[in-house]
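Structure first, then comments.
By convention here, the first residue in the shown sequence is residue 1. Remember, it's a predicted structure, so these values are computed and weren't measured experimentally.
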Amino acid sequence: MKTPPESYLIFKEELEKARLEKERLEAEYKAKLSDMNEELSRLKEQIQSQQELIKTTLEYAIRLEENLGSFKDEVTNNKSLKNRTFH
């Protein structure tokens, strides 16, 4: 049996190197993609937390505003009642 030509052996070696490089790049790509997905998940969680905090803050501010309106009415009513009792 004849030995293959040298150019074939070189080509085969280069092909193997290319295959190994492809596998290395694929593994690197998958690792980076995984890291990016984890970071994206963390960012989504932070955004959801911040949205919940903003929602809670708005609800609290609305409640305070309503209480302030009630308090103003109460103070106004008490002033008018005090004026009536002293006169």
For residues 21-31, pull every pair meeting salt bridge (Lys or Arg N to Asp or Glu O under 4.0 Å), keeping only residues two or more places apart or in separate chains. R19-E23, E21-R24, R24-E28, E26-K30, E28-K32

According to salt bridge (Lys or Arg N to Asp or Glu O under 4.0 Å), does anything in residues 55-74 pair up with another residue at least two apart or in another chain? List the pairs. none

Taking ILVMFWY side chains as joined if any heavy atoms are under 4.5 angstrom apart, and letting links pass through other members, which residues group with [X]?
X   : value
L33 : Y29
L9  : Y8
L64 : Y60
L15 : F11

Counterpart residues, side-chain hydrogen bond (donor to acceptor under 3.5 Å, both in side chains), relative to E39 (two or more places apart): R42

Distance in Å, [X] [atom1] paired with [Y] [atom2], rounded so as to fall on 0.5 Å steps:
X   : Y   : atom1 : atom2 : value
L43 : M36 : CG    : CE    : 10.5 Å
I47 : L40 : CD1   : CG    : 8.5 Å
S70 : N77 : OG    : CG    : 11.0 Å

Partners meeting side chain to side chain contact (heavy atoms under 4.5 Å, CB included) with L53 (sequence neighbours left out): T57

Please list, chain by chain and in numerical order, all residues satisfying salt bridge (charged side-chain N to carboxylate O under 4.0 Å, His left out) with E14, sequence neighbours excluded. K17

Tell me if the CD atom of E16 is crowded by more than 12 foreign heavy atoms within 6.0 Å. yes

